[in-house]
Protein chains: 4
Amino acid sequence: MSVTVPTQVKDPERVRERRMQIIEASVRLFMEKGFHKTTTREIAKLSGLSNGSLYEYVESKEDVLFLVCQHIHREVETKLRQSLTEEVNGAVRLRHAMVSFLHVIDRMQAEVLLIYQESKSLPPHYLREVLATEQAITDIFEQFLRDGQADGTLEIEDAAIPILAHDLVVNGQMWAFRRWALKSVSFNQFVTQQVEMLMRACQAKI
Amino acid sequence: MSVTVPTQVKDPERVRERRMQIIEASVRLFMEKGFHKTTTREIAKLSGLSNGSLYEYVESKEDVLFLVCQHIHREVETKLRQSLTEEVNGAVRLRHAMVSFLHVIDRMQAEVLLIYQESKSLPPHYLREVLATEQAITDIFEQFLRDGQADGTLEIEDAAIPILAHDLVVNGQMWAFRRWALKSVSFNQFVTQQVEMLMRACQAKI
Amino acid sequence: MSVTVPTQVKDPERVRERRMQIIEASVRLFMEKGFHKTTTREIAKLSGLSNGSLYEYVESKEDVLFLVCQHIHREVETKLRQSLTEEVNGAVRLRHAMVSFLHVIDRMQAEVLLIYQESKSLPPHYLREVLATEQAITDIFEQFLRDGQADGTLEIEDAAIPILAHDLVVNGQMWAFRRWALKSVSFNQFVTQQVEMLMRACQAKI
Amino acid sequence: MSVTVPTQVKDPERVRERRMQIIEASVRLFMEKGFHKTTTREIAKLSGLSNGSLYEYVESKEDVLFLVCQHIHREVETKLRQSLTEEVNGAVRLRHAMVSFLHVIDRMQAEVLLIYQESKSLPPHYLREVLATEQAITDIFEQFLRDGQADGTLEIEDAAIPILAHDLVVNGQMWAFRRWALKSVSFNQFVTQQVEMLMRACQAKI
DNA sequence: CATGAATGAGCATTCATTCAT
DNA sequence: AATGAATGAATGCTCATTCAT
């Protein structure tokens, strides 16, 4: 919401465009070699910008990392919210949300992993923002848990809700960051198992 | 198991000693500033070694990171195994294991976080080893799940077991890597909620 | 006199105006941070010009420095000449000139310092011009010394005159470039002492 | 006295040696092209050091400038003090000191000029030190002025003394920083004229 | 075995200047 | 005449690693 990356360039349209190039290039590079092993020269080159131009749209390499994290998070959040339907009751809504979430993560596996691995390299004020977004995603699930609790389709304690919300998110993101261990599990299996597991965990009345 | 870090020094006792110094220094430094922002000079200095000596016990900075990850993992695994009791049935054993695991993670929060954040910087052959240990820890839980399934105290499908084991591990480690979001949750609350949640998820008969 | 700074712009009035903006901005910036640490972007911005426009009125950053030095020198010379009165004899004229000069330097302390510190960064052909102006100022004093020598109110050798003239100028400028050491001396004290000292040095018959 | 430049190297003898190389190279380079236009690469190369080695003996380019200024000042002060003889009275001592000072400046013309032109680029804590040394040199003259005043060989007011001391120093350094204007004056002429002039200014009784 | 000085490739960033619009 | 985005060479500095002593 609040934090923005400064730029020397006045035309906001151009800034958006160029930053998109920068983000796309950086996502690829950071995935391949990580943030630290990627040089600003590589970013510039793959963005189709000159060394100097890169720094017209960004003030530091860390700005690039933030731009990337922010972009990914926005995409995750947007896609997640898009697929949220107005369902009959809390339990069903939660189940749908979880399924949607898993699909988003599957499609954005590499990006989710990137945030997991590199966001710690952000300077504090950017990190705060990224964590806030992470929390915002968690909040979505928290809401559904409360809904289900309220309409009686989920049987959970108040105290459990925030923790459960994090469990939901983390168990979903696991598909990205424990990929190495889940090679033999198909996505469909994963979805089924995780959803059923979580429904049991919340004692869902279907 | 297999992978070892080469050294120039013959006396294995001395190697063990010196590496312990290196590990202790590095854990502190990596926690404070991360792997990339820590210099080998700092590691040497805090280890009480000279720049050159460091490289007698290690061939690269990445060797140090591996030593650190390995050490932490060993400690986690040892502590976890120590606290595993021979309990009556699978469900109870699982519950105890989970509680123990959470205590280990609580005591080693920073170290667990370190592995989460830095292991990606390991060269492939070291990474493989670290992931293998991670899997070994997961396997412990998998075994208890199977035990419980076998003796009927847990009601779970075969296909769910590997995924559930990862859920258990990840939901525990969450205490370390989502610390920022769990500031208002006490450790006891966390333990209670997670354990109960997982028991429900496994449909444990007590 | 001779050297001029090239421009792309035809209308000389506009050139004068814009360059005045450039000079004013640059004086401030050079005083604050020095020539080398001031960027052309800063100059443009504070001048109210765009990056590109700056280069319509100037061909290089060094042109700006020259413009600044020239402007300051002109002001010094003008103010000095304005306050020169037609006095009875050489000694009195010299004394008046010195007093006037010291007042000019006091009022333009920062500017005088700027020339002292930055003119060395001028390209040779500009530097020559600046030194010529510096000499012109010295020449004013030289003339009064000769006048005094001629009318017998100063008792000095021919050979001493050029050196004495420089002494006068330098002992005056000292107020600017040794400010750090003269913190505890008031301007009036300084004037009195320097003037008396120089009168003695020239063996002035009042 | 107080301020020292940090180094990574432990052996103080080696530090002294290497820094001497650095100073000699830098003096040449700074004289030729000025501090800002000299690169650390050039300094390293001419010092016979590698890029990296330079930074074992120095922490920044500005450290080099300080080393250079300090070295020059030390040499000036040493040479000046060496040539100070214990003469009969204040006036004679002052005269001798002035002559010695002028010879030092003549021999170290370029170095004196360097300090005049570049010391402003020093970071504040170094600049303070350099100005302190400059003051120390001035103090030497101040002492002789006081001596002469005390023994009656100089007829000057108390208030005049600090200013006169600065005049002496500045009128001497003029030989270096107004060289361009004194091309036609021989050193001997300069010495004679300046010394006589200053003796008159102090109303010296021989 | 230990030391610590030396190395030099590598990196993020800056900035005077140009030029298409 | 004005604008401001683009350029890219240049620069100060870092740091993992080596190696002579």
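Quick note on labels: first sequence line is chain A, next is B, and so on, each numbered from 1.
Taking the side chain of R41(B) as heavy atoms from C-beta on, and the options dT7(E), dC1(E), dA6(F), the nearest nucleotide is dT7(E). Nearest to the side-chain atoms of S60(A) among the listed nucleotides dC1(E), dT13(E), dA5(F) stands dT13(E). For K61(D), the listed nucleotide lying nearest its side chain is dC13(F); candidates were dC13(F), dT17(E), dC1(E). The side chain of S50(A) lies closest to dT7(F) when the candidates are dT13(E), dT7(F), dT14(F).
Regarding Q21(C), its CD atom lies at a distance of 10 Å from the P atom of dA2(F), rounded to whole Å. Note: CD (Q8(B)) to P (dC1(E)) measures 10 Å, nearest angstrom. For I22(A) and dA6(F), the CD1 to C1' distance is 13 Å, given to the nearest whole Å. Here dG4(E) presents its P atom at 18 Å from CD1 of I43(B), a figure rounded to the nearest Å. Rounded to whole Å, atom C1' of dA12(E) lies 10 Å from atom CG of L54(A). Per the geometry, NZ belonging to K37(A) stands 15 Å off C1' belonging to dC11(E), to the nearest Å. Residue D11(A) contributes atom CG, which lies 7 Å from atom P of dA5(F) at whole-angstrom precision. For the pair N51(D) CG and dA10(F) P, the interatomic distance rounds to 15 Å; values are reported in whole Å.
An OP1 or OP2 oxygen of dA6(E) is reached within less than 4.0 angstrom by a side-chain nitrogen or oxygen of Y57(D). Remark: Y55(D) is not in phosphate contact with dT14(F), judged by side-chain N or O atoms under 4.0 Å from OP1 or OP2. Checking the phosphate oxygens (OP1, OP2) of dA5(F), no side-chain nitrogen or oxygen of R18(A) falls inside 4.0 Å. OP1 or OP2 of dT3(E) sits under 4.0 Å from a side-chain N or O of S53(B).
Taking the side chain as every heavy atom from C-beta outward, E111(A) and M31(A) approach each other to under 4.5 Å. Between K45(C) and R41(C), the closest side-chain pair of non-hydrogen atoms is not below 4.5 Å.
In this structure dA20(F) sits in a base pair with dT3(E), meeting the Watson-Crick or G-U test at under 3.5 Å. When both distances must be under 3.5 Å, the Watson-Crick or G-U wobble mate of dA9(E) is dT14(F).
Heavy-atom nearest nucleotides on DNA chain F were determined for G48(A) and for T39(D), and the one closer to the 5' end corresponds to G48(A). Along DNA chain F, the nucleotide nearest to G52(D) and the one nearest to G52(A) differ in position, and the one closer to the 5' end is contacted by G52(A).
In summary, E118(A) and K120(B) engage in a salt bridge, as defined by a charged side-chain N under 4.0 Å from a carboxylate O.
Distance alone, capped at 3.5 Å, is enough to place a donor-acceptor pair between the E42(A) side chain and the T39(A) backbone.
A cation-pi arrangement is present between K61(A) and F35(A), with the terminal nitrogen or guanidinium carbon under 6.0 Å from the aromatic centre and inside a 45° cone about the axis.
No donor-acceptor contact under 3.5 Å links the side chain of R14(C) to the base of dA1(F).
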